[in-house]
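Take a look at the structure below.
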Amino acid sequence: EAQPSMMGGFFNQDTLQHRLQTLIEGAKESWTYAIFWNTSVDDVSGASLLGWGDGYYKGGDDKLSPPLPRRKTQSSAAEQAHRRKVLRELNSLISGVPNGGDGEDVVDAVDEEVTDTEWFFLVSMTQSFVNGSGLPGQAFFSSAPLWVAGGDRLASSSCERARQAQVFGLQTVVCIPLANGVVELGSTDMIFQSADLMNKVRILFNFSR
Amino acid sequence: PAAVPQARKASLARFLEKRKERITNA
């Protein structure tokens, strides 16, 4: 039975976004983000690649809860200045207007603190995983979900992305392999394995079933 | 920003728009 291309035909970015949003907003757990990593083959090397397909960022309690003692990993003033600069440049890139503004509201939004999880999500857009590397690659190549719950488990992972996730305040990262990619979910909460969630991902993202 | 390929632009634009909404509505 033919599997449609995830990024082609009817499975375009709009439907992908809709599915990621449905997954997160409809979940009983509090997920911070969902990413779809799309599989492809590098034309030159022939290597298998998992690259950014699309993502939905909901956010966590890092902006909504009362101030907590700042984690040792919480960004410094210099790091915040860097993040804001990058965000301003990204706004320019998207809007096509120097300094990224279509009005004061955009400038104000850019000047708000860029949280650790927002930054982790943004950096994810530049990442890819070759031949089974990283949590998404491991999940895809083993055809088995990876569910890493707990800062300690993330921090001690052999995977750079998992360690990075812990540094940026995430407590749970899940990678669920599909025919043409991987759905990754992350949360600042500790969330234990749920068969319901994995079934929901497979129903939402496997069109041919 | 230079590391963000054209294909990511839609995701990025959506993220920035949602972020603006979150901050405006906070």
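Reminder, nothing fancy here: chain letters follow the sequence lines and each chain counts from 1.
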Roughly how far, to the nearest 0.5 Å, is the CZ atom of B:Arg19 from the CG atom of A:Asn91?
8.5 Å

Check A:Gln127 against B:Arg8 and note the closest heavy-atom contact, atom names and distance.
O-NH2, 4.0 Å

side-chain hydrogen bond (donor to acceptor under 3.5 Å, both in side chains), paired with B:Ser11, selected from A:Tyr57, A:Tyr56, A:Trp52:
A:Trp52

With rounding to the nearest 0.5 Å, note down the distance linking CZ in B:Arg14 to CD1 in A:Ile94.
11.0 Å

